[in-house]
Protein chains: 2
Amino acid sequence: MELWFMGTSAGMPIAERNVSSIVLSLTRTKGSLWMFDCGEGTQHQLLRTPLKLSRLTKLFITHLHGDHLFGLPGLLSSRSSLGGTASLDVYGPPGLREFLDAALRLSDTHLNYPFQVHELEAEGAVLDEDGYTVECALLDHRIACFGYRIAEKPRSGSLRVDVLTAAGVPPGPAYGKLKAGEDLRLEDGSVIRAADVLCDPIPGRVVAVMGDTRPCEGALRLAQGADVLVYEATFGADLAEKAEQYGHSTTLQAAETAKAANISRLLITHFSSRYGPDQLAELETQARGVFPQTDAAMELQAYPIPSPSFRTNLA
Amino acid sequence: MELWFMGTSAGMPIAERNVSSIVLSLTRTKGSLWMFDCGEGTQHQLLRTPLKLSRLTKLFITHLHGDHLFGLPGLLSSRSSLGGTASLDVYGPPGLREFLDAALRLSDTHLNYPFQVHELEAEGAVLDEDGYTVECALLDHRIACFGYRIAEKPRSGSLRVDVLTAAGVPPGPAYGKLKAGEDLRLEDGSVIRAADVLCDPIPGRVVAVMGDTRPCEGALRLAQGADVLVYEATFGADLAEKAEQYGHSTTLQAAETAKAANISRLLITHFSSRYGPDQLAELETQARGVFPQTDAAMELQAYPIPSPSFRTNLA
Ligand SMILES: [Zn+2]
Ligand SMILES: [Zn+2]
């Protein structure tokens, strides 16, 4: 699993940063890409990465502000031109369907792949498939805005080969049955219980991606215990009033949410265009004062999300 | 007057070229910019030029295909964020208003400047103001598509100071009246006719900007005698059948239109994404075989349009 930021700028692009879009490159569903938000120029940014638009299978829109949305019609169209044929699902707030219908119909755009828009009517489960669950919650912005929590399902633990060997069970079909949770009756009539020879399930990773928001209960709930939290820090610590007024968060508020949710790593993004490239380090420093495991997200580089077993080895 | 190409790629962006947008930087209306088409990423391209979005006052859309349109909502929004307050007029085919209404309303975008959409209902005059006229004609594409002819109005010629001096008329208010076309009665009763002491009017420049099209009568009419013709060459000479099928032109057809319309300079653009940067010279060569004064348009550089007097001096 890797996160890539296509854009980290709030409101409009500047020379050094594009508007919002984040790609989650999955490992479990071989090679699939999921995208969160699609500001104008997202498809251009993808051209500067090894990520292939044809591998995109799911798109989650946090809210319909232009800097999170206006790249979507062009990206859908180019995915078709580039030969993408796999089905594509797009999730987002009500109004998303009307926007896409108008843009695709009036531009006479025809997509060469099955395409579904899912408007989110309520908080809760968004999907449960292919080893992942996604849930959403309402955030606190100027218009309806959702955050997403993406969780890998736990994988069954490995077999305790040492115990099986001691019990005289050689490798073979029996191992597969035990691994699948079936108990095994031996020739001498004794029973080996699967539960006794299976290690604990390996927990899946959790990535929480927020849209624009003031600090709020929904974000805190979605972020709970996440391996990585992506949270906006539109403004520096000194502009809390502006953040409140426009429905955004400061660096400190982002860090406080991360701390309260007990997450492992915070990536802040969606920086106001007032901050030049030299000022992002200062924003990062502000957040680290509250939550040290914070980075200001950089565009067009991979942020690997370590697997839990890898974490354990390091611990 | 200068032309700038923000994008020269057909259909979708590639690493080296963006989708369609052309800026005409006017001299007569001090500092104003007019734009033709606005593909996705046009505002990003502007950031790489000295051209200021706040100076944009008129926008002409040739047709509603996404590669000519999808940058428009974001560009309008950023113009507002960047402090643009001057009124903005947008011209284009029917459907343009519905597209913009949907995009701006659903994204909750509010523009801090007066903004009018003018849907073109017929061929002919589009506007006549500030020393310029613009007319449009229908082209031959897959959907309704307009070309535009922008003409500077002629300026009154300079006064023949040699004749006036010989007649004993000293510089002063009388010169202004003559220049404005009023005849002058001298103290001795004789009359100096304005027409006799005014040089010929200085003709204005003509720029013709076509949208996507097969060769057609409308393009030929708009291009007639233009100083610069911008015409699409989506395909090389060997792909005439594809051009016909998709409503486009080849390099040869572009050059033949230029020759038939007796223009001064042809700029070809809208190159299929199949052509890499190394292949544009070959497209240029094909067109030059028919019309030598052809260039394949390059992005983000100025193409000055010489004034007629400058042309005369050179002749
Ligand atoms: Zn927003
Ligand atoms: Zn077209």
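Just so it is clear: chains get the letters A, B, ... in the order the sequence lines come, proteins before strands, and each one is counted from 1.
Between A:Phe60 and A:Val209 there is no side-chain heavy-atom pair separated by less than 4.5 Å. A:Leu300 is not listed as a side-chain neighbour of A:Phe5, based on a closest heavy-atom distance of 4.5 Å or more. Residues B:Leu75 and B:Leu56 are in side-chain contact: their nearest non-hydrogen atoms beyond the backbone lie under 4.5 Å apart. Here the side chains of B:Leu111 and B:Leu104 are in contact, with some heavy-atom distance below 4.5 Å. Between B:Leu3 and B:Val23 there is no side-chain heavy-atom pair separated by less than 4.5 Å.
Between A:Phe271 and A:Ile268 the shortest heavy-atom distance is CZ-O, 3.2 Å. Counting all heavy atoms, side chain and backbone alike, A:Phe70 lies closest to B:Gly74 at CD1-N, 3.6 Å. Nearest heavy atom pair, residue B:Ala122 against residue B:Cys136, reads O-SG, 3.5 Å.
Listed options A:Gly11, A:Gly41, A:Gly39, A:Pro13 were ranked by heavy-atom pairs under 4.5 angstrom with chain B; first place goes to A:Pro13. The candidate from A:Leu47, A:Leu69, A:Leu106, A:Ile14 with the greatest count of non-hydrogen atom pairs under 4.5 Å with chain B is A:Leu106. Put simply, of A:Gly71, A:Ala102, A:Pro93, the one with the most heavy-atom pairs under 4.5 Å next to chain B is A:Gly71.
The contact between A:Ile143 and chain B is made entirely by side chain atoms (from C-beta outward), counting heavy-atom distances below 4.5 Å. Contact annotation for A:Leu96: neither backbone nor side-chain heavy atoms come within less than 4.5 Å of a heavy atom of chain B.
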Which donor-acceptor pairs fall under 3.5 Å between chain A and chain B:
unit_1   : atom_1 : unit_2   : atom_2 : d
A:Asn18  : OD1    : B:His44  : NE2    : 2.6
A:Glu40  : O      : B:His44  : NE2    : 3.3
A:Glu40  : OE1    : B:Gln43  : NE2    : 2.8
A:Glu40  : OE2    : B:Gly41  : N      : 2.7
A:Gly41  : N      : B:Glu40  : OE2    : 2.7
A:Gln43  : NE2    : B:Glu40  : OE1    : 2.8
A:His44  : NE2    : B:Asn18  : OD1    : 2.5
A:His44  : NE2    : B:Glu40  : O      : 3.3
A:Glu98  : OE2    : B:Arg105 : NH1    : 3.3
A:Glu98  : OE2    : B:Arg105 : NH2    : 2.7
A:Arg105 : NH1    : B:Glu98  : OE2    : 3.3
A:Arg105 : NH2    : B:Glu98  : OE2    : 2.7

